[in-house]
Colleague: 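I am attaching a structure below and will ask some questions about it afterwards.
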Amino acid sequence: MSTKKIHAQPPEKLTGIKLEEIPTSAVGFKAIKSAISHITNEVGLVKGIGLLSKLNQKDGFDCPGCAWPDPDEKRAFLAEYCENGAKAVAEEATKNRVSPLFFTTHSVSELSELSDYEIGKKGRITHPVVLHEGKDHYEEISWEEAFKMIGDELNTLDSPDEAIFYTSGRTSNEAAFLYQLFVRQFGTNNLPDCSNMCHESSGAALTETLGIGKGSVTLDDFNHAELVIVMGQNPGTNHPRMLSALSETKKKGGKIITINPLPEVGLMRYNEPQNPIKWFGKGQELTDIFLQVKINGDVALLKIIMKLLLEKEKETPNTIFDHQFIKENTTGYDDFIKDLETSSIDELIPQTGIDFDIIKEATDLISQKKKIIICWAMGLTQHKNSVDNIRELVNLLLLKGSIGKQGAGTCPVRGHSNVQGDRTMGIWEKPKDSFLDNLENEFNFKAPRKHGYDVVDAIEAMHQKKAKVFIGMGGNFISATPDTEYTAVALQNCDLTVHVSTKLNRSHVIHGKKALILPCLGRSEKDIQAAGEQFVSVENSMGIVHSSSGHLTPLSDSLLSEPAIVAGIAKATLKDSSTNWSSLVKDYDNVRNKIEATIPGFVNYNTRVREKGGFYLPNNAREKDFTPTHTGKANFTINEVSDLHLEKDQFIMMTIRTHDQYNTTIYGLDDRYRGILNERRVIFMNPEDMKIKGLAKLDKVDLTSHFNGEERIAKGFLVIPYSIPKQCTATYFPEANVLVPIQSKARISNTPTSKTIIITIHKK
Ligand SMILES: Nc1nc2c(c(=O)[nH]1)N[C@H]1C(S)=C(S)[C@@H](COP(=O)(O)OP(=O)(O)OC[C@H]3O[C@@H](n4cnc5c(=O)[nH]c(N)nc54)[C@H](O)[C@@H]3O)O[C@H]1N2
Ligand SMILES: Nc1nc2c(c(=O)[nH]1)N[C@H]1C(S)=C(S)[C@@H](COP(=O)(O)OP(=O)(O)OC[C@H]3O[C@@H](n4cnc5c(=O)[nH]c(N)nc54)[C@H](O)[C@@H]3O)O[C@H]1N2
Ligand SMILES: [Mo]
């Protein structure tokens with residue numbers, strides 16, 4: 001074994017911060033300039049523009065950025081991309097290469113000293129490589145040998161449950177379907193995925209209350225909404241194309257309420273990218289009422305709003321609540337109201353940190369509206385009571401009859417471009433029996449029924465050596481997961497770690513006894529199989545399934561597609577599978593026929609996926625049909641406010657994304673919309689808290705997190721005074737992941753509480 005130290009965390013070193021004024025509006029000229037500069041640097045201008053012209057077009061490839069849908073009808077040439085979509089494409093189509101030669105000159109321990117930014121910039125991996133036991137350098141390996149190594153290792157395990165099969169949400173429907181099929185034929189449901197850290201809480205809450213784990217709105221609903229409430233989300237950075245939808249809502253007379261601890265620039269003002277005349281102006285105002293809630297104060301805030309609505313309803317009966325909707329479609333209303341009446345506004349107010357008058361103003365607006373959409377993302381899903389957060393916003397929509405009609409409904413805004421599709425394809429550690437029955441019938445094998453490990457449980461299992469092989473279909477497990485040092489030990493305990501990846505990342509250097517990196521085609525590249533050129537399909541945040549075909553020549557002849565890699569592993573592992581893996585991969589139509597045969601909603605898949613723009617999957621909530629819930633009706637629920645308790649000197653910390661990253665892929669070191677340039681090790685603090693703590697701007701501090709008597713430390717962060725509620729702070733992910741305790745997770749969904757970490761701050 002190498003004696004050199006391997007670093008699981010990014011280095012402490014600072015990169016030379018520059019501060020600039022926070023812009024007053026998002027998008028506009030600087031965004032276009034930034035997009036062009038990333039494309040030019042990574043890809044070259046001419047090739048880059050060619051690429052962007054195929055992005056999100058009906059004959060093109062799906063943006064590897066977020067899961068926001070494309071317009072059903074009109075799609076502007078060169079315009080259905082955003083600054084961050086352009087960066088995502090540039091990152092994948094980069095000129096930089098990680099070849100076998102690269103690995104002879106760069107050892108694993110040396111690479112681990114780099115930041116995630118520096119590792120990512122090394123580029124695309126060109127050949128499969130292996131790290132033999134005790135070695136510090138990866139070496140080239142043939143695909144055949146790599147597959148055999150995986151098959152041999154999996155077949156020596158005492159039980160299939162000793163292997164973990166992770167998925168990140170970029171994997172196409174076709175690859176995801178084959179992957180879960182292989183894993184279940186191998187004999188386990190250990191299929192954790194990035195959803196476990198992302199919208200799992202949304203899925204759990206929505207399935208219980210509305211009978212479907214997905215959102216109910218379509219893009220067109222934003223043209224009809226009277227009010228959109230955006231909670232715990234920063235679309236200016238993470239879903240820039242959503243700003244166009246919000247802009248349409250406003251143009252048609254709708255209003256926007258934003259609930260967030262930070263005044264995120266993108267939600268305040270917006271300059272349309274499609275209209276150059278507007279690039280330089282003041283921009284369109286988006287948010288009408290901004291509720292600057294304390295971190296994790298959302299249930300308290302929603303309870304106050306609903307209590308005020310109830311008072312109004314009592315004063316003027318049948319004007320505020322939609323009683324006909326409630327009566328026809330819901331259960332639990334009386335118990336919910338009884339509970340609401342017992343809660344005290346005076347006790348709830350301090351949890352929100354918001355002036356009561358502003359809450360009343362927001363309530364007045366809500367009371368007048370009948371068509372409301374609520375959008376949300378990680379600000380609601382990564383807390384101990386996240387499922388409560390989402391059930392509570394469903395309560396509000398049910399009171400207003402705002403589900404299952406035009407211009408109204410739930411909008412959990414997904415992260416990865418196919419994370420929703422992967423779940424539809426069966427990437428889930430808790431599959432439904434009906435799905436497994438269908439797989440058994442179609443593929444003639446006995447599917448495992450015991451539920452598998454999710455992300456947190458998988459880390460625990462590897463840590464305890466109950467799991468010994470880790471395979472990652474995309475993603476960057478070490479940097480995305482909580483408790484970095486703990487998770488590093490978990491991965492290092494494995495006998496074999498395997499990563500199917502496009503680019504080099506930190507997970508390749510935090511390895512098991514043996515390790516493999518299997519390089520795959522990216523979204524933008526042509527996929528040629530025995531029957532000719534193939535396309536894949538994906539499902540966006542609003543349940544539209546559509547095709548995606550790459551146009552670039554693959555960067556190396558040694559890349560395989562994700563479906564081909566799964567088939568290779570399956571053939572080397574499953575000795576008595578009756579599935580013809582080669583024929584499935586030869587022509588992806590064959591995979592889609594199998595999906596059609598096993599998953600509801602995919603009738604005539606191969607025909608409909610070829611129609612321009614794709615097709616909508618069935619959505620019961622959209623149709624106002626709540627029969628799939630356990631009561632057969634939409635359910636009102638009673639939810640818990642935060643039980644967070646801060647000792648003297650303690651703060652709540654949330655970990656968020658900068659404008660220059662895609663999760664663990666760091667495009668650059670700026671966070672332009674928050675006025676920070678060239679530095680990621682910062683902590684945002686309320687200026688009054690800084691005064692009390694005797695801290696000045698750019699003071700260097702160490703952070704200690706506190707959980708059940710345990711302490712974790714992250715060193716060397718610069719203090720930034722910022723508009724954030726008192727006792728609340730923010731740092732960037734993944735630098736601060738070391739502070740997130742593995743056992744600090746949401747009830748029911750088991751999602752790490754990446755947005756509520758209790759910390760103390762210590763000046764150097
Ligand atoms: N460019 C780019 N696009 C991306 C990604 C990326 O990294 N870069 N990631 C993709 C993925 S996988 C995902 S899941 C999404 C993530 O999209 P977001 O959820 O927008 O991402 P975060 O940066 O985690 O931002 C969380 C927001 O919630 C707020 N917040 C935090 N705590 C609370 C709270 O307690 N209450 C309320 N009301 N608000 C709170 C924060 O201030 C912040 O504005 O974006 C996707 N798109
Ligand atoms: N503290 C904290 N932690 C968080 C979060 C947070 O807000 N705070 N957010 C969580 C969330 S919402 C999510 S979704 C997870 C994300 O967790 P992951 O999905 O595991 O992480 P990513 O950074 O999206 O993965 C990036 C890697 O995917 C690989 N890749 C890119 N494209 C492809 C492709 O087409 N195929 C294959 N096979 N590989 C590809 C590249 O090698 C790249 O390095 O992180 C979670 N972790
Ligand atoms: Mo996510």
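Atoms within each ligand, like the ligands themselves, are counted from 1 in listed order.
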Colleague: With only distance considered, is Arg523 within less than 3.5 Å of ligand 2 through an N or O on each side?
Modeller: no
Colleague: Examine the proximity of ligand 1 to Gln233 and report which part, side chain or backbone, both or neither, has a heavy atom under 4.0 Å away.
Modeller: both
Colleague: Salt bridge or not for Glu640 and Arg391, using N-O below 4.0 Å?
Modeller: no
Colleague: Hey, is Arg712 close enough to Glu485 for a salt bridge, meaning N to O under 4.0 Å?
Modeller: no
Colleague: Is Met197 close to ligand 2, meaning an N/O of one under 3.5 Å from an N/O of the other?
Modeller: no
Colleague: Is there a nitrogen or oxygen of Arg414 sitting under 3.5 Å from a nitrogen or oxygen of ligand 1?
Modeller: no
Colleague: Which residue supplies the protein heavy atom nearest to atom 16 (C) of ligand 2, what is that atom called, and how far is it?
Modeller: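 Going by distance alone, atom 16 (C) of ligand 2 is nearest to Asn663 ND2, 3.6 Å.
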Colleague: Any Lys/Arg nitrogen of Arg747 or Asp388 sitting under 4.0 Å from an Asp/Glu carboxylate oxygen of the other?
Modeller: yes
Colleague: For atom 23 (O) of ligand 2, find the nearest protein heavy atom and state the residue, atom name and distance (0.1 Å precision).
Modeller: Thr664 OG1, 2.6 Å
Colleague: Enumerate the atoms of ligand 1 whose separation from the nearest heavy atom of Thr237 is less than 4.0 angstrom.
Modeller: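 With Thr237 as reference, the close atoms of ligand 1 come out as 1 (N), 2 (C), 3 (N).
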Colleague: Should Glu200 and Lys745 count as side-chain neighbours, where that means a heavy-atom distance under 4.5 Å?
Modeller: no
Colleague: I'd like to check whether Cys198 has a polar contact with ligand 2, where a contact means an N/O of the residue lying under 3.5 Å from an N/O of the ligand.
Modeller: no
Colleague: Could you tell me the separation between the NE2 atom of His239 and the CH2 atom of Trp68, rounded to the nearest 0.5 Å?
Modeller: 8.5 Å
Colleague: Can you sort out which atoms of ligand 1 are near Met654, meaning under 4.0 Å from one of its heavy atoms?
Modeller: 30 (N), 31 (C), 32 (N), 41 (C), 42 (O)
Colleague: Given Leu521, Thr167, Thr655, Val419, which one has a non-hydrogen atom that is nearest to atom 2 (C) of ligand 2?
Modeller: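 Closest candidate by heavy-atom distance is Thr655.
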Colleague: So if I count the atoms of ligand 1 from 1 in the order they appear, which ones are less than 4.0 Å from some heavy atom of Asn296?
Modeller: 34 (C), 35 (O)
Colleague: Could you tell me whether Arg423 and Asp193 have a side-chain N and a carboxylate O separated by less than 4.0 Å?
Modeller: yes
Colleague: One residue to check: Arg657. Relative to ligand 1, which of side chain, backbone, both or neither has a non-hydrogen atom less than 4.0 Å away?
Modeller: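 Both backbone and side chain.
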Colleague: For Arg170 and ligand 2, does the shortest N/O to N/O distance drop below 3.5 Å?
Modeller: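 Between Arg170 and ligand 2 (N or O atoms, distance only) the closest approach is under 3.5 Å.
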Colleague: Counting heavy atoms not belonging to Lys384, are there more than 12 under 6.0 Å from its NZ?
Modeller: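 Not more than 12 within 6.0 Å, no.
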Colleague: If the contact criterion is a heavy-atom separation under 4.0 Å, does His199 count as touching ligand 2?
Modeller: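 So His199 does not count as touching ligand 2.
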Colleague: Ligand 2 and Val740, any nitrogen or oxygen pair closer than 3.5 angstrom?
Modeller: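 Looking only at distances, the answer is no, because the N/O contact criterion of under 3.5 Å is not met.
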Colleague: Any idea which part of Asp298 is under 4.0 Å from ligand 1, heavy-atom wise: side chain, backbone, both or neither?
Modeller: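 Only the side chain of Asp298 comes within reach of ligand 1.
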Colleague: Does His383 come within less than 4.0 angstrom of ligand 1, counting non-hydrogen atoms of the residue?
Modeller: yes
Colleague: Less than 4.5 Å apart, side chain to side chain, heavy atoms only: is that true for Tyr453 and Tyr166?
Modeller: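 Side chain of Tyr453 against side chain of Tyr166, heavy atoms only: no contact under 4.5 Å found.
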Colleague: Just so I know, are the side chains of His659 and Asn238 near enough to count as touching, which here means a heavy-atom distance under 4.5 Å?
Modeller: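 Not touching, per the 4.5 Å side-chain cut-off.
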Colleague: Got the closest protein heavy atom to atom 21 (O) of ligand 2, with its distance?
Modeller: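 For this ligand atom, the closest protein heavy atom is Asn476 N, 3.6 Å.
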